Amino acid sequence: MKQLKVLAVTSAICLITVFAFIFFRTVPVSRLWKGYQVVYVKTQSATEPQLARLLEENGCRNVVCKSSQRIPVVSSYSPVQVQTPDSYLSRRDVFFRDESNTAFVFYVPEGQDMALARAVSAINSLKNTVAGTDGRASFPWGSPIICIVFALACLAFAKNKLTFAASAFFMVCFSFSRPLYTVSAAVCLSLYGFFMFQKIWGRRSFGAGLASPLFAVCLLSPVLLLFFAAPLSALFYTLSLLASFSAVLLVDVVKSLYAERYEHYRFTPVMIRSARFIPLVERREVKIILLLILSVLVMLLLSFAGNRLAAVSVDDSRPALPSPLVGKTALPDLDDFMNWSWNTITFPYRRLTDALPEVPVDGDSVSVPAFEESGGRIVQKEQTAFVFNNAFRNKVFDSVRDLNYPALEKMMLRQGKDARYSYAKGGSAASERFGTLLLLLFMLFPAGIILYFVVIKRGYGISF
């Protein structure tokens with residue numbers, strides 16, 4: 001009865017994991033803007049507010065569009081100021097049209113793929129209207145294939161092949177469900193952990209053997225590392241880990257039930273050595289660790305190569321859209337916004353006859369007259385009201401972050417304070433947060449394992 005309960009629970013966990021991998025699978029998509037997907041619409045029958053309303057009605061939230069913009073910085077003493085044709089407020093409208101001025105441009109925060117798909121379909125159903133996005137999905141086969149190759153190498157060296165195969169199945173499936181380089185590196189590290197796991201599974205003192213720090217490094221540390229890259233990846237890794245252990249139990253229970261029913265008189269061997277006396281790392285298996293380091297290194301190189309290739313890719317069917325580009329300045333940027341903010345905030349403190357400074361420099365200041373008593377007399381002094389420096393800039397950026405509407409300036413701040421903007425057709429590859437750093441850490445772990453046993457020269461069967 002106990003075996004049947006274990007069978008039911010482990011089977012349920014494995015099935016839930018498979019369905020989760022299928023229904024929540026993801027494919028990296030190229031993006032022009034960090035954290036946003038660009039939607040362009042060429043139409044002769046709809047206005048920009050109507051298109052923005054269609055996006056909202058189909059579930060797209062916090063869309064950055066022209067009709068949603070307001071004045072980001074306002075002087076409390078002079079809330080209404082005349083804007084010249086070349087002021088930042090007038091020039092920023094170019095972000096909401098393509099280069100040829102034939103398409104409306106909207107920016108939808110990432111994580112709304114299904115809502116965006118519905119909205120684009122609804123917009124395309126309008127008469128004389130064509131809509132598209134900057135996203136271009138392409139399945140990166142490289143990293144999952146590396147996981148398969150490494151799993152097969154571990155399987156070739158494994159003594160308990162069925163146990164390893166059962167545990168490795170869900171980890172490899174995870175690499176296909178979320179084909180990200182950090183995920184695949186975590187999968188390879190966990191595969192090595194399960195390679196050591198199969199050596200002690202079923203032996204006496206299995207729990208004591210599982211308490212080795214090597215299992216924590218190979219099986220548990222990826223949870224923390226993946227959390228920094230993407231919390232959802234860490235969640236699915238944990239689910240994969242649970243499914244892998246469940247698969248091992250499931251295979252063990254099935255084998256036990258089969259033996260009870262069909263092999264009543266068959267001799268069942270018992271492992272003599274306990275798990276504590278089984279070397280987790282042996283001389284002949286150092287090749288597996290070196291292959292693990294090589295696998296992560298290849299993923300690191302592929303991530304660099306993939307970013308370069310995606311950065312130069314061009315889609316001729318898509319109009320040239322506003323985009324952050326290194327070294328190019330054709331559109332207003334945060335420096336222009338900051339100069340405008342300085343002139344707007346300091347406007348009430350300047351004489352109307354004073355010339356408006358085009359570009360303020362650090363140290364520029366405005367002052368107001370103040371009166372105080374000195375020696376029995378009322379004297380006038382100049383009191384500094386604002387100084388153009390880092391403190392002023394940080395205060396303006398903080399006010400932008402606190403804006404209660406989807407401001408263009410918020411989106412620009414997300415790209416970086418030094419970002420420059422121009423028009424582009426090709427998107428850059430969707431990058432993983434701390435991707436390069438995490439891949440280096442995934443390489444350091446197996447390198448540290450080899451270094452430890454080479455330096456110590458003892459333990460776990462290794463003697464150099």
Side-chain angles (χ1 to χ4, degrees), residues 13 16-17 20-21 24-26 28 34-35 110-111 140 143-144 146-147 150-151 154 164 167-198 200 207-248 280-281 288-289 291-304 430-453 460:
I13 293 175
I16 290 172
T17 303
F21 286 164
F24 296 99
R25 65 187 183 278
T26 183
K34 184 189 301 181
E110 63 184 3
S143 55
I146 292 174
C147 292
F150 183 70
C154 291
F164 177 78
S167 60
F169 174 77
F170 287 96
M171 302 310 301
V172 173
C173 288
F174 176 42
S175 69
F176 278 90
S177 178
R178 296 184 67 82
L180 306 173
Y181 291 112
T182 53
V183 167
S184 296
V187 166
C188 286
L189 185 61
S190 68
L191 287 174
Y192 181 68
F194 281 112
F195 175 78
M196 294 185 293
F197 174 86
Q198 56 86 28
I200 64 173
L210 197 61
S212 169
L214 288 175
F215 289 111
V217 169
C218 295
L219 296 178
L220 300 182
S221 65
V223 178
L224 180 61
L225 295 181
L226 288 178
F227 183 83
F228 287 106
L232 192 59
S233 294
L235 175 63
F236 276 94
Y237 175 84
T238 305
L239 182 61
S240 305
L241 206 62
L242 182 61
S244 295
F245 284 115
S246 298
V248 172
L280 296 179
V281 180
I288 296 293
I289 308 179
L291 182 59
L292 172 58
I293 297 174
L294 179 62
S295 299
V296 181
L297 177 61
V298 171
M299 292 179 200
L300 182 61
L301 297 177
L302 285 176
S303 68
F304 288 142
S431 59
E432 302 177 67
R433 187 172 54 175
F434 309 121
T436 301
L437 175 61
L438 293 178
L439 287 173
L440 290 173
L441 288 176
F442 280 122
M443 264 200 309
L444 286 176
F445 284 155
I449 292 174
I450 289 182
L451 182 63
Y452 172 79
F453 290 110
Y460 297 101

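All values derive from a computational prediction rather than experimental measurement.
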Any chance the rings of F245 and F197 have centres within less than 6.0 Å? yes
I want to check something: taking the side chain as every heavy atom from C-beta on, are S221 and F445 in contact at a cut-off of under 4.5 Å? yes
Could you give me the CA-CA distance, side-chain angles and deciding distance for L189 and F150, then say whether side chain to side chain contact (heavy atoms under 4.5 Å, CB included) is met? CA-CA 10 Å; L189 185 61; F150 183 70; over 6 Å; no
Quick one: pull up CG in L294 and CD1 in I289 and give me the separation to the nearest 0.5 Å. 13.5 Å
Set out, in order, the CA-CA distance, both residues' side-chain angles and the distance that settles side chain to side chain contact (heavy atoms under 4.5 Å, CB included) for S303 and L439, then state yes or no. CA-CA 10 Å; S303 68; L439 287 173; 4.1 Å; yes
Looking only at non-hydrogen atoms, find the nearest pair between A229 and T182 and report the distance. CB-OG1, 4.3 Å
Taking all non-hydrogen atoms of both residues, which atom of L219 and which atom of G193 are closest, and how far apart? CD2-CA, 4.0 Å
From I146 atom CD1 to M299 atom CE, the distance as rounded to the nearest 0.5 Å: 4.5 Å
Working note: Q198 + V248, criterion side chain to side chain contact (heavy atoms under 4.5 Å, CB included); need CA distance, chi angles, decisive distance, verdict. CA-CA 9 Å; Q198 56 86 28; V248 172; over 6 Å; no
F236 vs V183, test: side chain to side chain contact (heavy atoms under 4.5 Å, CB included). Steps then yes/no. CA-CA 10 Å; F236 276 94; V183 167; over 6 Å; no
Between F215 and the options C218, P213, S212, the side-chain contact (heavy atoms from CB on, under 4.5 Å) test singles out S212
Which pair of heavy atoms, one from V172 and one from C147, lies closest together, and at what distance? CG2-O, 4.5 Å
Determine whether S167 and S244 satisfy the following criterion, side-chain hydrogen bond (donor to acceptor under 3.5 Å, both in side chains), listing intermediate values before the conclusion. CA-CA 4 Å; S167 60; S244 295; 6.0 Å; no
Is any side-chain heavy atom of L292 closer than 4.5 Å to one of M443? no
Separation between CD1 (I16) and CG (L242), nearest 0.5 Å, reads 9.5 Å
Is the shortest side-chain heavy-atom distance between F194 and L241 below 4.5 Å? yes
Once you round to the nearest 0.5 Å, how far does CE of M196 lie from CD1 of I288? 11.5 Å
Might you work through the side-chain hydrogen bond (donor to acceptor under 3.5 Å, both in side chains) test for R25 and S177, ending with a clear yes or no? CA-CA 5 Å; R25 65 187 183 278; S177 178; over 6 Å; no
Whether F164 and F195 hold their rings parallel, tilted or perpendicular, with breakpoints at 30° and 60°: perpendicular
Non-hydrogen side-chain atoms of P222 and F442 separated by less than 4.5 Å: yes
Distance check, rounded to the nearest 0.5 Å: L226 atom CG versus L235 atom CG? 11.0 Å
For the student: nearest non-hydrogen atoms of Y192 and L280, plus distance: OH-O, 4.3 Å
Quick one, S240 and F21 - any side-chain contact, counting heavy atoms below 4.5 Å? yes
Would you compute the distance between atom CG of L239 and atom OH of Y237 and round it to the nearest 0.5 angstrom? 12.0 Å
Looking at S184 and Y181, would you say the former's side chain and the latter's main chain have a donor-acceptor pair under 3.5 Å? no
Do S233 and L180 come within less than 4.5 Å of each other through their side chains, counting heavy atoms only? yes
